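Please read the structure below before turning to the comments.
Atoms within each ligand, like the ligands themselves, are counted from 1 in listed order. This is a predicted model, so every value here is computed, not measured.
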Amino acid sequence: MDRVHQLRELLDQYNYEYYVLDNPSVPDSEYDRLMKELIDIEAAHPELITPDSPTQRVGAEPLKAFQKVIHKTPMLSLGNAFDEADLRDFDRRVRQGVGDQKVTYVAELKIDGLAVSLTYENGQLVLGATRGDGTTGEDITQNIKTIRSVPLKLKQPVNLEVRGEAYMPRASFERLNKRRAEAGEPLFANPRNAASGSLRQLDPKIAADRKLDVFLYQIGSTDGKELRRHSDGLEWIQSLGLKTNPEWRRCDSLQKVLDFIAYWTEKRPELPYDIDGIVIKVDSLEQQRMLGFTAKSPRWAIAYKFPAEEVVTTVEGIALTVGRTGAITPTAVLTPVQVAGTTVGRATLHNEDYIREKDIRIGDQVVIHKAGDIIPEVVRVLKERRTGREVPFRMPEQCPDCGSDLVRIEGEAALRCINPKCPAQIQEGLIHFVSRNAMNIDGLGEKVIKQLFKNDLVQDVADIYALTYDDLIKLERMGDKSVRNLLSAIAESKKNSLERLLFGLGIRYIGAKAAKTLAQAFGTIDRLMAATTEELLSVEEIGDKMADSIRTYFSSPDVRALIGELKSYGLNMTYTGGTTQEANAADSPFNGKTVVLTGKLSAMSRDEARSAIEKLGGKVTGSVSKKTDLVIAGEDAGSKLTKAEALGIEIWDEARFMEALNT
Ligand code: IVH
């Protein structure tokens with residue numbers, strides 16, 4: 001009897017060191033030897049077996065079904081925050097709710113597993129349950145006992161209901177999927193699904209084999225301890241032998257919470273388990289009581305969710321677009337899903353080789369993510385989910401727009417339509433010509449261009465300058481005012497410095513930057529058109545490919561005729577960037593930004609500031625919203641500044657603004 005007792009104590013101790021502290025004091029063989037001794041004694045004297053004996057983790061027989069468990073207090077979930085503005089709102093509500101007392105938060109990792117509740121009576125584990133719908137869960141005690149870091153007995157004989165997350169460490173997940181792949185079994189999509197599937201097994205041997213783990217993070221109820229802070233609770237349950245996550249912090253300001261989030265956003269790939277966010281809780285239990293609950297969740301806590309980086313969706317089709325240069329680009333048409341904060345319905349597939357390499361088929365389920373956080377891309381195909389009804393894709397031999405034969409140019413992955421009259425190419429070229437970094441004609445977007453083209457009003461870029469009031473007023477959704485604005489934007493664009501025209505013409509390999517370099521070097525279009533290859537190459541940053549492309553472009557009689565026509569409409573063909581600042585827009589910090597001015601500036605009037613920003617490619621609006629990129633706050637700035645702060649928008653003072661204008 002004494003030996004049984006002693007063996008159990010030792011085994012509990014070694015188990016705790018190994019699974020909770022991750023710091024074993026004896027070799028595995030010693031543990032195994034003691035365990036065998038205990039198993040043998042219990043086999044000979046079954047009357048000595050107790051439910052908390054270390055031999056009882058796996059032994060149970062498979063169940064027919066799980067019993068329902070009604071939680072003593074509901075297992076609530078948390079409200080979500082997706083960005084800094086949401087967290088500032090939360091902080092404001094909390095501070096208001098506690099009558100402006102000082103608030104300390106505890107920030108914890110949000111473990112991506114499934115919520116479980118453990119009940120200990122007199123220090124003995126009597127129940128392990130799933131969250132279920134929050135009110136009623138399932139009794140999964142048998143499976144919970146197989147998690148080696150869950151103590152069957154606490155270090156003190158307390159009554160305690162404690163909540164936490166059961167999860168599958170990444171290493172266990174990879175091992176499991178490898179084994180399943182070898183056995184030809186379907187794979188789990190992620191560790192969370194694997195953990196949840198494992199705890200729902202009726203046979204505890206399967207759960208035992210899956211190598212789950214747990215972190216406890218919340219006391220449900222206890223009569224064992226007077227506590228004043230949530231963080232004291234974490235320390236207390238840890239002292240009872242329960243496994244808590246070590247990465248929590250007390251934060252005495254929202255800023256510290258934001259820093260914690262920033263830190264873990266970067267470090268999360270280094271953790272051996274998945275987290276999907278950060279949970280923020282008010283530390284003081286008195287303040288928690290003051291704040292209370294809504295119907296669904298506590299007012300004293302919130303879950304900040306990391307933007308989902310990878311999601312699964314279905315390829316519904318593959319669409320083809322004809323670019324300005326005739327390149328045919330396949331695009332996956334996807335069932336729309338949220339990825340990293342926006343809805344994604346399409347992903348570029350680049351070219352035929354790319355589709356073949358990844359073996360992407362119509363009907364496939366695919367993992368998508370945003371490359372560089374902007375461009376949606378297919379990461380991989382979930383081939384194990386194929387039904388056999390997926391359709392492989394083949395590139396057509398003819399241009400989907402004009403029907404002419406496509407060619408594959410040596411050394412290029414793209415198929416091209418080389419018909420210079422291809423309507424799709426012409427339209428794309430027109431859209432490029434009027435775009436922001438090119439001629440920048442406001443009011444002439446893709447939709448209007450397509451209408452103009454369809455109605456035969458514009459065939460090439462010169463036709464834009466022949467448009468009349470009567471032509472435009474006939475178009476859909478064009479009123480008197482928009483027609484007048486558009487005509488004046490077209491007229492205004494004639495004054496653009498040369499580089500905008502050069503870029504707008506869409507000469508191959510000549511981007512906005514090269515266009516500016518060329519405009520600066522040659523000054524006028526006539527000089528550029530007359531330049532020899534040698535002269536072109538003497539310009540820094542202009543290489544062989546660009547020089548050849550420029551020579552070929554301007555040697556075409558059609559191009560020369562077009563330039564002549566544009567001249568006759570009065571377009572400026574000279575580099576004026578040195579005098580007008582306008583040419584600098586492409587490099588300016590205001591280019592493409594929506595800016596709000598507030599407060600008084602000492603060096604200039606509002607109107608002067610507005611026109612300076614506009615000249616550098618920025619747009620000035622009157623009120624602060626989520627779309628605002630930058631707020632410039634002068635003296636006595638009021639509510640706009642407060643709102644900008646709340647939304648986490650970048651704010652500059654006058655000194656910073658003047659510095660940006662002068663560089
Ligand atoms: S506290 C009433 N802390 O996230 C407070 N939850 O959306 C209950 N979770 O259902 C939750 N890590 O499954 C809390 N450190 C953590 C957590 C955490 C993961 C899960 C839990 C909960 C969900 C909330």
Any Leu254 side-chain heavy atom under 4.5 Å of Phe90 side chain:
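Leu254 vs Phe90: side chains apart.
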
| How about Arg228: does its CZ atom have over 12 heavy atoms from other parts shown lying under 6.0 Å from it? | no

Going by the closest heavy atom to [atom], which one wins out of [options]?
atom	options	answer
atom 23 (C) of ligand 1	Lys110, Arg131, His230, Glu108	Lys110
atom 24 (C) of ligand 1	Ile278, Leu78, Ile280	Leu78
atom 3 (N) of ligand 1	Glu165, Glu247, Lys281, Arg163	Lys281

- Leu109, any N or O under 3.5 Å of ligand 1 N or O: yes

Note the single closest protein heavy atom to [atom], along with its residue, its atom name and the distance in Å.
atom	value
atom 22 (C) of ligand 1	Tyr217 OH, 4.2 Å
atom 8 (C) of ligand 1	Leu76 O, 4.0 Å
atom 12 (N) of ligand 1	Ile111 N, 3.0 Å

Would you compute the distance between atom CG of Asp83 and atom NZ of Lys626 and round it to the nearest 0.5 angstrom?
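If I round to the nearest 0.5 Å, the distance is 5.5 Å.
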
Rounded to the nearest 0.5 Å, the CG atom of Leu154 sits from the CG atom of Leu240 at a distance of 5.5 Å

ask   = Does the pair Thr146 and Leu212 meet the rule for a side chain to side chain contact (heavy atoms under 4.5 Å, CB included), with working shown?
value = CA-CA 8 Å; Thr146 69; Leu212 299 175; 5.7 Å; no

Notebook entry, point to check: Do Tyr167 and Phe215 have ring centroids that are under 6.0 Å from one another?
Noted result: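 So the answer is yes for these two rings.
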
In ligand 1, the atoms that come under 4.0 Å of a heavy atom of Pro298 are 2 (C)

